[in-house]
Amino acid sequence: MPTCWLVRADESHKPIQLLHYHTHTLGRGPETQIKDQKCSRQQVELRADCNRGFVTVKQLGSNPTSLDDVVVGKGNQVTFKPGQKLYMVNRLYPYTLQFREESTSAGASGEKSKAMKRPHQRDAHEERDQDKEKSCRVSAPSCSNSAARPDQTHAPEKEPAAHWSQGLKVSMQDPSMQVYKDEKVVVIKDKYPKARFHWLVLPWDSISSLKALRPEHVELLKHMERIGARMAQQCPGSDTLRFRLGYHAIPSMSHVHLHVISQDFDSPCLKNKKHWNSFTTDYFIESQDVIAMLERDGRVSVKDGTSELLKLPLRCHVCHQEQTTIPKLKEHLRGHASS
DNA sequence: GTTTTGATGA
DNA sequence: TCATCAAAAA
């Protein structure tokens with residue numbers, strides 16, 4: 001089980017360990033070094049779930065604690081995940097989360113080379129592949145783990161294992177994963193593509209989710225869409241392929257990412273109803289719609305009950321015919337592909 | 001970007 | 001066979 005650390009983003013004090021399922025009350029005091037009178041001594045109540053990789057945050061104090069840009073509100077409770085920023089009070093005193101494996105004894109821990117064996121399936125549809133560099137080195141992640149690792153005085157080549165939900169953050173920094181990059185964004189191939197072509201466009205700037213989007217992000221989102229569209233346009237067979245560009249309403253992975261996915265849905269990684277519905281119902285929000293919403297409302301809202309869309313019956317996205325099982329749906333899709 | 005594995009039931 | 005659910009993994 002990983003350990004959970006509450007990391008002060010400005011590194012003004014050492015990370016605070018949150019014990020699994022323990023209730024930690026935090027606020028003004030020596031532990032946080034916050035002396036601000038606006039901050040209660042019992043500002044927040046934190047409870048970490050180290051297995052599932054999140055912390056529930058309850059605001060106890062009167063002044064606002066916020067998660068990203070959203071105020072929690074007194075008595076309210078929210079879920080705090082890696083990648084998000086928690087502000088103790090009045091948008092001040094930023095904190096992030098870090099889950100990592102405990103390695104009490106050096107050298108005894110198992111190897112965790114991240115550039116190990118990758119599934120064989122990906123090469124099936126790959127026509128072009130410029131750099132075949134299979135380097136084993138993994139460039140150091142941008143987040144400063146060292147600051148949160150006081151015990152690590154030796155064996156610096158071993159990074160702590162990141163929680164799976166931070167996988168995107170790790171992959172986007174890995175040159176061997178990057179398909180395109182510029183000063184604003186990076187494109188990687190989806191690790192488990194749900195179609196013959198499936199990329200993710202990620203901003204270098206960490207934006208945890210759609211909820212954190214603000215009007216100042218509009219230009220960035222437009223850039224992401226342009227780059228995504230270019231990826232689609234430049235891929236082999238683009239003349240006959242249809243693509244959609246959009247966001248999952250409720251993604252599992254931290255860090256905002258734009259899906260660029262071809263509409264064949266021909267992939268062994270597409271295995272269940274959730275996979276299907278997350279790309280063929282309103283759970284998939286078009287990039288244009290996100291941008292329009294942000295320009296019109298100043299933020300992006302996700303309707304209540306959106307998660308229920310994942311349970312809808314399987315329906316063909318081309319002819320809207322309902323299919324009873326995944327294998328039948330796949331067979332049906334092959335019919336559309338050949339015609 | 002969760003996937004994988006296993007148990008259970010239709 | 002296939003879907004659904006829960007738990008584990010990294």
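The sequence lines fix the lettering, A, B, ..., with proteins before strands; numbering per chain opens at 1. Everything numeric in this text was worked out from a predicted model, so none of it was measured.
H22(A) meets the ring-ring contact (aromatic ring centres under 6.0 Å, His included) test with no other residue; sequence neighbours excluded. The side-chain contact (heavy atoms from CB on, under 4.5 Å) check on D10(A) picks up R8(A), S12(A), P94(A), with sequence neighbours excluded. Among residues two or more places apart in sequence or in another chain, the ring-ring contact (aromatic ring centres under 6.0 Å, His included) test is passed with H20(A) by none. The side-chain hydrogen bond (donor to acceptor under 3.5 Å, both in side chains) search around R41(A) returns none, not counting sequence neighbours. Checked against ring-ring contact (aromatic ring centres under 6.0 Å, His included), H223(A) has no partners two or more places apart in sequence or in another chain.
Contact between K74(A) and S62(A) at its shortest, heavy atoms only, is NZ-OG, 3.5 Å.
Sorted by first and then second residue, the side-chain hydrogen bond (donor to acceptor under 3.5 Å, both in side chains) pairs involving residues 24-34 of chain A (not counting sequence neighbours) form an empty list. Each side-chain hydrogen bond (donor to acceptor under 3.5 Å, both in side chains) pair with one or both residues in residues 297-312 of chain A, not counting sequence neighbours, would appear here, but there are none.
Secondary structure note: stems in DNA chain C built from 3 or more consecutive Watson-Crick or G-U wobble pairs under 3.5 Å occupy B:2-10 with C:1-9.
Side chain to side chain, D49(A) and Y21(A) meet the donor-acceptor criterion of an N or O pair below 3.5 Å.
At the heavy-atom level, F279(A) lies under 4.0 Å from the strands shown only through sugar-phosphate atoms. Residue contacts shown for I326(A) are limited to sugar-phosphate atoms, with no base heavy atom under 4.0 Å away. Using a 4.0 Å heavy-atom criterion, one finds that K311(A) contacts no nucleic acid atom at all.
Computed from coordinates, the H20(A) NE2 to dA7(C) P distance equals 12 Å when rounded to whole Å. Look at CG on D49(A): it is 12 Å from C1' on dA8(C), rounded to the nearest Å. dT4(C) atom C1' lies 14 Å from atom CG of N277(A), rounded to whole Å. For the pair K330(A) NZ and dT1(C) C1', the interatomic distance rounds to 15 Å; values are reported in whole Å. One can place CH2 of W164(A) at 5 Å from C1' of dT2(B), the figure rounded to the nearest angstrom. In this structure, CZ of F99(A) is placed 16 Å from P of dA8(C), rounded to the nearest angstrom. To the nearest angstrom, C1' of dT2(B) lies 8 Å from NZ of K274(A). Here the P atom of nucleotide dT3(B) and the NZ atom of K191(A) are 10 Å apart, to the nearest Å.
At a non-hydrogen distance threshold of 4.0 Å, T325(A) from residues 314-325 of chain A come into contact with DNA chain C.
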N/O donor to acceptor pairs below 3.5 angstrom from side-chain atoms of residues 242-251 of chain A, sequence neighbours left out:
unit_1: R244(A); atom_1: NE; unit_2: E286(A); atom_2: OE2; d: 2.8
unit_1: R244(A); atom_1: NH1; unit_2: F279(A); atom_2: O; d: 3.3
unit_1: R244(A); atom_1: NH2; unit_2: E286(A); atom_2: OE2; d: 3.0
unit_1: H248(A); atom_1: ND1; unit_2: H259(A); atom_2: NE2; d: 3.4
unit_1: H248(A); atom_1: NE2; unit_2: S278(A); atom_2: O; d: 2.9
unit_1: H248(A); atom_1: NE2; unit_2: S278(A); atom_2: OG; d: 3.3

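In this structure, H275(A) does not reach the dT2(B) phosphate: none of its side-chain N or O atoms is under 4.0 Å from OP1 or OP2. Listed pair K194(A) / dT3(B) meets the phosphate criterion, a side-chain N or O lying under 4.0 Å from OP1 or OP2. For the OP1/OP2 pair of dT2(B) and a distance below 4.0 Å, the side-chain nitrogens and oxygens of H255(A) include no atom meeting the criterion. Within the structure, a side-chain polar atom (N or O) of K273(A) is placed less than 4.0 Å from OP1 or OP2 of dT4(C).
Ranking dC2(C), dT3(B), dT2(B) by closeness to the P327(A) side chain, first place goes to dC2(C).
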Listing time: all N or O pairs from protein to nucleotides 4-10 of chain B that are below 3.5 Å?
unit_1: dT4(B); atom_1: OP2; unit_2: K271(A); atom_2: NZ; d: 2.7

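Checked against a 6.0 Å centroid threshold, the rings of Y192(A) and H275(A) do not count as neighbours.
Cluster partners of L19(A) are absent, since no Ile, Leu, Val, Met, Phe, Trp or Tyr has side-chain heavy atoms less than 4.5 Å from it.
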